Colleague: 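This is the structure, below, for whatever I ask next.
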Number of protein chains: 2
Amino acid sequence: MARDDESATGLGHADMGHFVRNGGERCRECPLAECSGLHHHALEVREWIASFRKGEVHYDRGEQVFVQGTRPPYLFTVLSGVLMRTRLLEDGRRQIINFMFPGDFLGLQAAVDGEMGHSVEALTRVTLCAFARTQFFELVTQQPRLSFDLTWLAAHEEAALEEHIVSLGQRNARERMVALAVFLVQRGLDTGLAPEGVLQLTVTQGQIADMLGLSLVHTNRSLQALRRLGLVDWKLTSIRIPDLAEARRFARLDGSSQTLRPYI
Amino acid sequence: MARDDESATGLGHADMGHFVRNGGERCRECPLAECSGLHHHALEVREWIASFRKGEVHYDRGEQVFVQGTRPPYLFTVLSGVLMRTRLLEDGRRQIINFMFPGDFLGLQAAVDGEMGHSVEALTRVTLCAFARTQFFELVTQQPRLSFDLTWLAAHEEAALEEHIVSLGQRNARERMVALAVFLVQRGLDTGLAPEGVLQLTVTQGQIADMLGLSLVHTNRSLQALRRLGLVDWKLTSIRIPDLAEARRFARLDGSSQTLRPYI
DNA sequence: AACGTTCCCTGTCATTTGACATAGCAGCGC
DNA sequence: GCGCTGCTATGTCAAATGACAGGGAACGTT
């Protein structure tokens, strides 16, 4: 309980995030190196990044990595696992903003503002690579390539949020679900989390509802309808899309322009 | 009509955007210098920026600055006026993503990807400061301060989109409208477009509807309700909020952390 | 075995929002 | 004056979505 506060800052131990203080030497075994969907840096740049690495943190499902309104000491790159960004209203309503996959960078807002505008929670057991917030711009601005990559990630995150806004504003419940399922499965494919096209990820219907701005009950019924239609088979622990192209058409998603994502 | 294509690329003349080829010498009279809501660079940095400036473009209300899916040769900083980013679905549905005010940077997605994921349309007569897309990273990465500012702008745009997602997902029609009105008036105050707290900007109810994901009819009724309640008086050419704090409470917006925005 | 928890599912009814049809009103060119 | 056009306003009805209440399966703990 004395540790309770630390969990909010990425410093928690044991029960709420386990910090392992080890430096860049571990970067040779970086699990992201095997990920086919990512753009890998030149050795020189990788070593530059490694020199800033502070260690590694683990969180279990349900644990909070960042808490809205706090000033975290560390920023992270996701090494493995899946997380979600959420935003709370004072009256308890919750909106899930987006999901984060291996290679994604966590805490950009804190990097420029000091303070987080949203919370981040682990959806699976996750491993994160930690950098000191105060060193971040030293890390990034002194390597033009990293500065570019950071901007790339920010611009693409913006594009993902745009797509989500289109969903919430223009698509009905079923279209939204299909759009979300396609997005998740696609990211799963890119990061090796969806062997044989089935994403193994446990998302509750309550979480889907909070992501799509629907009630839990309506979410449930719409999911059943999609299952009957054979478009998306979304179960608690997995998402299966029999025909990705057809699902795309149904949700009126345009073709995904497959480019390699950079990471830091 | 031979010029038709150029309008999509920021090169149009006369009827669709008027390009004035003049360089950094005009930067001494930059209209943004008078804007109190902005963070102004040191002389040295301003001159560095000026050396990249390619000229100035004007667009009238209704003209498209960028068209979704095209590769624009220029990127812009807004010098005066207001614009909106929109995204179209194949079946004609339109979602307005956000509004842009003086000091905002246009075309970040094109800067990293080459291609625009959305369109940008002028809501008033606007003046834009043009940079070559191909020179952009030279401009930004060789000045750590500019690299920081660009990231700052991207992170804050992301935060604005988050807030919009919360609106679309969790707030009902009236709350959404109040939230949008507060956002617009606040940005108007920061950029000198809202003398005496009344934002002079013509936004049609159809545009409000496309921004908030509501039907035109429902938008109309909700606007009337808000007028009756005395919360927001939104007319075709102006937005007035009698009590900003009360409006914030109504829409459950948390206090805006007033910081100076950088610009490039 | 009994219990508590978490999640998925269903029924019924209320509310919100949308669709369609129509009217008014200001501006504008002629 | 007239006929346009773009925007705002209303009425009526239908569809989408939410609120509330409760049941049942799976699973871990005692």
Side-chain angles (χ1 to χ4, degrees), chain A residues 60-63 89 91-96 121 123-124 167-181 201-229 232-240 250-251, chain B residues 60-63 84 89 91-96 121-124 167-181 201-229 232-240 250-251:
Chain A
D60 282 327
R61 170 170 234 258
E63 291 182 341
L89 270 60
D91 59 5
R93 284 181 278 183
R94 174 180 74 159
Q95 176 66 41
I96 299 179
E121 180 181 325
L123 270 177
T124 65
S167 268
L168 293 176
Q170 302 300 130
R171 296 194 242 258
N172 63 27
R174 292 179 193 183
E175 291 172 331
R176 286 185 212 183
M177 279 176 189
V178 173
L180 177 58
L201 178 66
T202 115
V203 184
T204 70
Q205 295 185 355
Q207 288 164 339
I208 300 174
D210 280 348
M211 175 82 178
L212 299 181
L214 300 166
S215 73
L216 206 163
V217 178
H218 196 58
T219 299
N220 176 284
R221 288 194 251 252
S222 303
L223 278 180
Q224 290 177 54
L226 290 176
R227 215 170 289 150
R228 269 197 307 276
L229 290 170
V232 174
D233 189 10
W234 195 329
K235 287 187 292 212
L236 177 58
T237 60
S238 71
I239 309 175
R240 198 172 63 85
F250 178 85
Chain B
D60 282 326
R61 171 168 233 258
E63 292 182 343
M84 59 181 184
L89 270 61
D91 59 5
R93 284 181 277 182
R94 174 180 74 160
Q95 177 66 40
I96 299 179
E121 179 181 325
L123 270 178
T124 66
S167 267
L168 292 175
Q170 302 300 130
R171 295 193 243 258
N172 64 26
R174 294 179 192 184
E175 291 171 331
R176 286 184 211 182
M177 278 174 191
V178 173
L180 177 57
L201 179 66
T202 113
V203 183
T204 70
Q205 294 185 356
Q207 288 165 337
I208 300 174
D210 280 349
M211 175 84 179
L212 299 182
L214 300 166
S215 74
L216 206 163
V217 178
H218 195 59
T219 301
N220 178 283
R221 287 194 251 254
S222 303
L223 278 180
Q224 292 177 54
L226 290 177
R227 215 170 288 150
R228 271 197 306 276
L229 290 170
V232 174
D233 188 10
W234 195 330
K235 286 186 293 210
L236 179 56
T237 59
S238 71
I239 309 176
R240 199 172 64 84
F250 179 86

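The shown structure was predicted, so the numbers you read here are calculated from the model rather than taken from an experiment. A, B, ... follow the sequence lines: proteins, then strands. Residue 1 opens every chain.
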Colleague: Look at A:Asn220 and C:dC9 and indicate whether a side-chain polar atom (N or O) is within less than 4.0 Å of OP1 or OP2.
Modeller: yes

Colleague: Within the side chain of A:Glu63, is there an N or O that forms a donor-acceptor pair under 3.5 Å with the backbone of A:Glu121?
Modeller: no

Colleague: May I ask you to evaluate whether A:Arg227 reaches the phosphate of C:dC9, defined as a side-chain N or O under 4.0 Å from OP1 or OP2?
Modeller: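 The answer is yes; a side-chain N or O of A:Arg227 sits under 4.0 Å from OP1 or OP2.
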
Colleague: Counting N and O atoms only, with roles assigned by atom type, does the side chain of A:Arg61 sit under 3.5 Å from a partner on the main chain of A:Thr202, one being a donor and the other an acceptor?
Modeller: yes

Colleague: Ignoring backbone atoms, establish whether A:Gln205 has a side-chain N or O less than 4.0 Å from OP1 or OP2 of C:dC9.
Modeller: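 Answer is yes, contact under 4.0 Å.
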
Colleague: Picking from C:dG11, C:dT17, C:dA19, which would you name as closest to the side chain of A:Arg221?
Modeller: C:dG11

Colleague: Donor-acceptor check, side chain of A:Arg176 to backbone of A:Arg171, threshold 3.5 angstrom: yes or no?
Modeller: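 Side chain of A:Arg176 to backbone of A:Arg171, a donor-acceptor pair under 3.5 Å: yes, one is there.
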
Colleague: Side chain of B:Ser215, heavy atoms from C-beta onward: which of D:dG18, C:dA19, C:dC7 has the nearest atom to it?
Modeller: C:dA19

Colleague: May I have the distance from B:Arg174 (atom CZ) to C:dT17 (atom C1'), rounded to whole angstrom?
Modeller: 12 Å

Colleague: Polar-atom pairs under 3.5 Å, protein N or O versus N or O of nucleotides 22-24 of chain C: list them with distances, or write none.
Modeller:
none

Colleague: Tell me, do A:Met177 and A:Leu226 make a side-chain contact under 4.5 Å, heavy atoms counted?
Modeller: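 They are in side-chain contact.
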
Colleague: Without decimals, in angstroms, what is the distance between B:His218 NE2 and D:dT10 P?
Modeller: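 Rounding to the nearest Å, NE2 of B:His218 and P of D:dT10 are 15 Å apart.
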
Colleague: Looking across every strand, which nucleic acid part, if any, lies under 4.0 Å from A:Leu223 by heavy atom: base, sugar-phosphate, or nothing?
Modeller: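 Contact class for A:Leu223: none.
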
Colleague: Look at the side chain of A:Gln224 and decide which nucleotide, out of D:dT8, D:dA9, C:dC9, has an atom nearest to it.
Modeller: C:dC9

Colleague: Considering only side-chain heavy atoms of B:Val217, which listed nucleotide, D:dG18, C:dC8, C:dA19, is closest?
Modeller: C:dA19

Colleague: Could you tell me whether a side-chain N or O of B:Gln170 sits under 3.5 Å from a main-chain N or O of A:Gly213, the two making a donor and an acceptor?
Modeller: no

Colleague: Could you tell me the separation between the CG atom of A:Leu180 and the CD1 atom of A:Ile96, rounded to the nearest 0.5 Å?
Modeller: 9.0 Å

Colleague: When the distance from CG of A:Asp233 to P of C:dC8 is rounded to whole Å, what number comes out?
Modeller: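 Going from A:Asp233 (CG) to C:dC8 (P), I get 13 Å.
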
Colleague: Can you tell me how far CD of B:Gln205 sits from OG1 of B:Thr219, rounded to the nearest 0.5 angstrom?
Modeller: 7.0 Å

Colleague: Would you mind classifying the nucleic acid contact of A:Leu216 as base, sugar-phosphate or nothing, using non-hydrogen atoms under 4.0 angstrom?
Modeller: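 Nothing, no heavy atom under 4.0 Å.
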
Colleague: Specify the separation, in whole Å, of atom CG of B:Leu214 and atom P of D:dA16.
Modeller: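 After rounding, the gap between these two atoms is 17 Å.
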
